[in-house]
Amino acid sequence: MSGTATDPDPGTTADKLSTPGARTRPGRLLARAAGGAAGLTVVAALLGLVRDQAIARLFGASHASDAFLIAWTVPEMAATLLIEDGMALLLVPAFSLALTRRAAGGHVQDPVRTLVADTLPRLSGALACAGGLLVWGAPWAVGVLAPGLDDPRLAVDCTRLTAVTVLTFGITGYFSAALRAHGRFLAPAGVYIAYNIGIIGMTLALHSVWGVRAAAAGVAVGSLLMVLTLLPTFVRLMPGRSGRRTVRGGGSALLGATVLAPVVLFVVSRQSQVFVERFLASSLPDGAISHLNYAQKVAQLPMVLSMMICTVTFPVVARALAAGDREGARRRVERDLALAGTVVLLGTAAVLGCAPRIVEVLFQRGAFDAADTAATAGVMRVYALGLLGHTLVGALCRPYFSAGRPTWYPLGAMGAGLLVTTAGGLLLTGPYGVEGIAAANAVGISTAALLMLLGLGTRAVAVRPGTVALSLARPVAAAAVAAAAGRLATDLVPGPVTGLAAGCLVVPLTFLLTGLVLRAPEAVHLLALIRQRFPHGR
C-alpha cells in the first residue's frame with residue numbers, strides 16, 4: 001500500500017497536497033485520509049453506543065442518569081471548545097502558517113517550536129485554573145444548568161469529577177490541532193476510542209459501589225487516556241532543541257485576543273443550544289433529559305462522519321489562504337459543503353426511516369423500557385431534521401476562521417440561531433414536551449446555517465450560496481424518498497434486528513438510486529470517494 005495517511009515518509013498528506021507535484025493525486029490522498037479517520041471515528045462511535053447502552057442498562061432514564069448528563073455538559077462543552085471546534089479553528093491556521101514559514105526558510109528559530117513554546121505552557125496553566133474553579137463552583141454550575149432538579153447533590157458530585165476534562169481536553173485539542181496541521185489525522189481520530197474505553201471500564205467496574213459517579217470518574221480517566229494516546233506522536237513531530245533560546249511572542253500572532261474572542265464566543269454560543277435544552281427539560285418529568293441525550297447522541301452520528309471530510313480538508317484550506325490561493329480555497333469549500341451535506345442527508349434518511357428500530361436494538365433492555373424507546377425515537381426523528389443545519393454550521397465555521405483574521409459574523413449568526421432555539425423552546429416545551437425542545441433546536445441551528453452561508457462570500461471565502469443550495473437540493477429530495485422507503489421496510493419486516501437490517505439496506509440503496517435518477521453529481525462523488533478509499537486490485 002502506498003500514499004496512505006499513515007505513510008512514514010516525512011512528507012505528510014497536507015504537505016503533498018500543497019506541492020505542485022501532487023496536483024494529480026489530491027483527491028485520492030484526501031479520500032484515504034478521510035477514510036482512515038472515518039474508520040476510527042466509526043469505531044469510537046460504536047464504543048460510544050456501548051457506553052450509552054451501559055448507562056441506559058444500569059440507570060435507565062432516571063434521576064441518576066439525569067444527574068450524570070447534567071455533569072456531562074462539562075465534557076461536552078470542553079470537547080467542542082477545546083478539541084473539535086474552538087482549539088482547531090484557532091490552532092490549525094496558526095500551525096499551518098508556522099509550517100508555511102518553516103518551508104520558506106530564513107528564520108533563526110523554528111516557527112513551529114516557537115509557537116509551541118509561546119502557547120502550550122500558558123494554555124495549560126489557564127485551563128488548570130479554570131478546572132479548579134469549576135470544582136469549587138460545581139453547586140452554582142448545576143443550579144444554573146438545571147434549576148428544576150429536586151436534589152442536585154448527585155449532579156454536583158459528578159460535575160466535580162468531570163471538571164478534570166477542562167485541562168485534559170485542552171491538551172488533547174492542542175495536540176490534535178498540531179497533528180492535523182502536519183497532515184496526521186489517524187491519531188486525533190482515535191482519541192475518542194481511548195476516552196470511551198475509560199468510561200465503559202470504570203462504569204462496569206465500579207457502578208455497584210459508586211453508582212452513577214463511576215461513569216463520571218470514567219470520564220476523567222478516559223480524558224487522561226486521550227492525552228496519552230496523542231503524546232508520543234506529538235513529541236515525534238515537534239522539532240528538537242536547537243541550542244538557541246526560543247524567541248517568545250513571535251509564534252502566536254494568530255492567537256491574540258482579537259482572534260481568540262470571536263472563536264471562543266462562537267463555540268460557546270453553539271454549545272449553548274445544549275444548555276437551553278437541558279434547562280427547559282429539567283422542569284419536565286424525570287427521564288426527559290435522558291431521552292434528549294440518547295436521541296441526540298444517535299441522531300448526530302451521521303453528522304460526525306460527514307464532518308470528517310471537512311476536518312481532513314481544513315488544513316488544506318488554511319494553507320491555501322496562507323499562500324493567497326483564494327480560488328483554490330473556494331473550490332475546496334464548495335466541494336466539501338456539497339459532499340458533507342450529501343453524507344449527512346443519507347444519515348438523516350436512515351434516522352427518519354428507522355428511528356424506533358434503532359433505539360429498540362441499541363437501548364431497550366434492563367431499566368430502559370418500551371416507553372423510553374417510543375419517547376427517544378420520537379425525539380430522534382425531530383432532531384434529524386436539523387442534522388443538515390448542524391453539519392453546515394460545523395463546515396462553514398472553518399473557512400470563516402481559516403485566515404486567522406478576527407470576524408464576528410459567525411457569532412452573530414449563531415446568536416440569532418440560539419435566540420430562535422430559546423424562543424421556540426419556550427413556546428413548544430409546554431404543549432409538546434421533549435419533541436418541542438428538539439424541534440426548536442432544529443429550527444434554530446438551520447437559521448444559523450443559512451445566515452452563515454449567506455455571509456461567507458463577502459467575509460472569508462467567496463463561495464456562491466446559490467451553487468451550494470442547488471448542489472444540496474437533489475440530495476434532500478433523495479433523502480426524503482429514502483426515509484419513506486426505510487420506514488416502510490422497517491414496518492413490514494417483523495422483529496427489531498431484522499427490521500433494522502432491512503431498513504439499513506433499503507435506505508442507502510434508495511438514496512443512491514434516487515440521487516442517480518435525479519442526476520445529483522454528489523451521489524456520483526460519494527461513490528467515487530468510496531472507490532478511491534477502497535480501490536480494486538489492491
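Note: hydrogens, waters and symmetry copies are ignored here, and every other heavy atom, side chains too, is used. Everything numeric here is computed off the predicted structure, so don't read it as measured data.
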Legend entry - Sole candidate of Asp52, Ile199, Ile197 that passes side chain to side chain contact (heavy atoms under 4.5 Å, CB included) when paired with Leu47: Ile197

Legend entry - Side chain to side chain, Lys297 and Arg51, heavy atoms closer than 4.5 Å: yes

Legend entry - Heavy-atom pair of closest approach, residues Leu388 and Gly341: CD1-CA, 3.9 Å

Legend entry - Side chain proximity check, Thr348 to Pro302, heavy atoms < 4.5 angstrom: no

Legend entry - Side-chain donor-acceptor contact under 3.5 Å, Thr421 with Gln273: yes

Inset, instruction - Taking all non-hydrogen atoms of both residues into account, name the closest pair between Ala299 and Leu387 and its distance. - result: O-CD1, 3.1 Å

Legend entry - More than 12 heavy atoms from other groups under 6.0 Å of CZ on Arg365: yes

Inset, instruction - Could you tell me if the ring centre of Phe169 sits under 6.0 Å from that of Tyr195? - result: yes

Inset, instruction - Decide yes or no for Phe368 and Arg57: does some side-chain heavy atom of the first lie under 4.5 Å from some side-chain heavy atom of the second? - result: no

Inset, instruction - Sort out for me which residue in Thr159, Asp66, Ile70, Val212 forms a side chain to side chain contact (heavy atoms under 4.5 Å, CB included) with Leu154. - result: Val212

Legend entry - Minimum side-chain heavy-atom gap Phe175-Val191 below 4.5 Å: no

Inset, instruction - Inspect the surroundings of CZ in Phe234 and state if more than 12 heavy atoms from other residues, nucleotides or ligands are less than 6.0 Å away. - result: yes

Legend entry - Centroid separation Tyr294 to Phe363 less than 6.0 Å: yes

